[in-house]
2 protein chains.
Amino acid sequence: MTPRASHGDGAKGVQTAERILEIALRMFRDQGFDGTTMRDIASACGMSLGAAYYHFESKEALLLAYYQRLHEDRQRHAEQLFAETSALRERVIGLYHHHLAALRDDRRLLAALVRIVADPESQASIFAPETRNIRDADIRLFRRAIDSDDVPEQLQVMGALGMWTLQLGFLLYFLRDDSEGQQRTHELVDRCVDFFLPLLPLLSTPFATPMLDRLYATLDSAGLIASALKADR
Amino acid sequence: MTPRASHGDGAKGVQTAERILEIALRMFRDQGFDGTTMRDIASACGMSLGAAYYHFESKEALLLAYYQRLHEDRQRHAEQLFAETSALRERVIGLYHHHLAALRDDRRLLAALVRIVADPESQASIFAPETRNIRDADIRLFRRAIDSDDVPEQLQVMGALGMWTLQLGFLLYFLRDDSEGQQRTHELVDRCVDFFLPLLPLLSTPFATPMLDRLYATLDSAGLIASALKADR
DNA sequence: GTCTATAACATGATAGAC
DNA sequence: GTCTATCATGTTATAGAC
């Protein structure tokens, strides 16, 4: 579902694939995913339908290439953010806001992406191996954001899982948010963060540990604690 | 997206539509949603493609009819459950388990349904007006399950919203759960319920109210507290 | 007005020639 | 790498039967 891996990476092929991707994404943004046919894309690229399919094995693959790009941008931004500040609130809010900002002009693309990623029968499902690396890396970013000696490891892991899940909810709200610059979503994010971050110290006290231990064991035995999260930090 | 509303409800038409639905659902269960074409369904019903489309305006509509059935079954079961017990834990667990049990042999159907309902561009999106009544009624069930004089109204509402959201997560896990009878999902449900139900008394104390007030205000101003939930109980 | 059949269309995807 | 068929399938149009 990614750009055809089997095809060589001769300079020409890569260039052509990039051109197709640029044009396709622009068309998806302008006319929507369903409103753009592969024939439209091919002819806008000045090539035949078959030629376009040579470079991308499916229409979905074009979206997944976008997903990959988005992820790389996000990683870069996070590295910069973490270098700038070690304050938990700034880090967490910074992650959320940047992800929204990056999608600000791409909400139609996001809608199409959600459809594909939420499809449990698709190879590109959010739980599928193909997207697993991206998902794990995303969760790790949240864990790094709240990495602090004051927060027990298990709580960091569960917190990261929770923040990642919450992000899915924010994105769904964002999709439907027609306020100026999706200001409502940004406010929602801020207020939610300001609700749950103060809970961390509370949950870091010995009083809460038995409760958290039980929850962690449950999630872990259900396989919901990604191995990636347990390993490094 | 429901059975063609414009068409009369002559006894024969209804009967035919029901027959199509039965056959289609069986085929979806056996061969998957994508593996079953409208032509297959029509010919299995001994009728032409056009005739099938007369009764159901789209392939999606067949799934949505299933969704509606599922919902009605669920409402009936909940009424019975609430009549049997007023214990919070039994009620909540009863709701979750029955929903899973009803879907036990229909996981392929569920997968197709998730795809449609999760598609933000579809009219049948989980946030779309067409499915809103079902969603609100579902959330109300959760609220009734924890309806108790010991739990403040705002907390009941937020708790119901949370439990409904958690249910979405359980369903996603259920889809991929290949343990015998999806036993793992049932265990996950039990252990999660036993984690969060004891929090209710804790959150019902005056100590927690300011925190909860702020969260409620946030969710409400974001339009996330369904009007249905605020009205009755 | 209620139902069914046939033909046609649009589009994602594929096969095979050059 | 690219092109020109060609296919498969969701959906629509239209004509007719009862």
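Remember, it's a predicted structure, so these values are computed and weren't measured experimentally. Order of the sequence lines fixes the chain letters, A, B, ..., with proteins taken first and strands second; residue numbering starts at 1 for each chain.
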Undergrad: Need one value for A:Ser48: base, sugar-phosphate or nothing, where a base atom within 4.0 Å counts as base even if backbone is also close, heavy atoms only.
TA: base

Undergrad: Give the ring-plane orientation class for B:His97 versus B:His186, where under 30° counts as parallel, over 60° as perpendicular and anything between as tilted.
TA: perpendicular

Undergrad: B:Tyr53 and B:Ser58: which non-hydrogen atoms are nearest, and at how many Å?
TA: CE2-CA, 4.1 Å

Undergrad: To the nearest angstrom, how far is B:Glu57 atom CD from D:dT12 atom P?
TA: 8 Å

Undergrad: Rounded off to whole Å, could you give me the CG-to-P distance for the A:Leu49 and D:dT4 pair?
TA: 11 Å

Undergrad: Rounded off to whole Å, could you give me the CD-to-C1' distance for the A:Glu60 and C:dT11 pair?
TA: 15 Å

Undergrad: In whole angstrom, what separates B:Tyr54's OH from D:dG10's C1'?
TA: 20 Å

Undergrad: If you only use heavy atoms from C-beta on, which nucleotide in D:dG10, C:dT4, C:dG12 is closest to the side chain of B:Tyr53?
TA: D:dG10

Undergrad: If you check the B:Met38 side chain, which of D:dT11, D:dG1, C:dT4 turns out closest?
TA: D:dT11

Undergrad: What's the closest nucleotide to the B:Lys59 side chain, out of D:dT11, C:dT2, C:dA13?
TA: D:dT11

Undergrad: Taking OP1 and OP2 of C:dT2, is either one under 4.0 Å from a side-chain nitrogen or oxygen of B:His55?
TA: no

Undergrad: Relative to the 5' end of DNA chain D, which residue comes earlier, B:Asp34 or A:Ala52, by the nucleotide with the nearest heavy atom?
TA: A:Ala52

Undergrad: Verify the neighbour count for atom CZ of B:Arg104: are there more than 12 heavy atoms of other residues, nucleotides or ligands below 6.0 Å?
TA: no

Undergrad: Report the distance from atom CG of A:Asp40 to atom C1' of C:dA13, rounded to the nearest whole Å.
TA: 16 Å

Undergrad: In whole angstrom, what separates A:Met27's CE from C:dG12's P?
TA: 11 Å

Undergrad: Could you check how far CE of B:Met47 sits from P of C:dT2, rounded to whole Å?
TA: 17 Å

Undergrad: Of the nucleotides D:dT11, C:dT2, C:dG12, which one has an atom closest to the side chain of A:Arg39?
TA: C:dG12

Undergrad: Can you tell me the distance, in whole Å, between the CZ atom of A:Phe56 and the C1' atom of D:dG1?
TA: 15 Å

Undergrad: Give a yes or no on whether the backbone of B:Arg191 and the side-chain of A:Thr218 come within a donor-acceptor separation of less than 3.5 Å.
TA: no

Undergrad: Ignoring hydrogens and angles, state whether a donor on the side chain of B:Glu72 or B:Gln68 is under 3.5 Å from an acceptor on the partner side chain.
TA: yes

Undergrad: B:Thr37 has a side chain; which of C:dA13, D:dT9, D:dG1 sits nearest to it?
TA: D:dT9

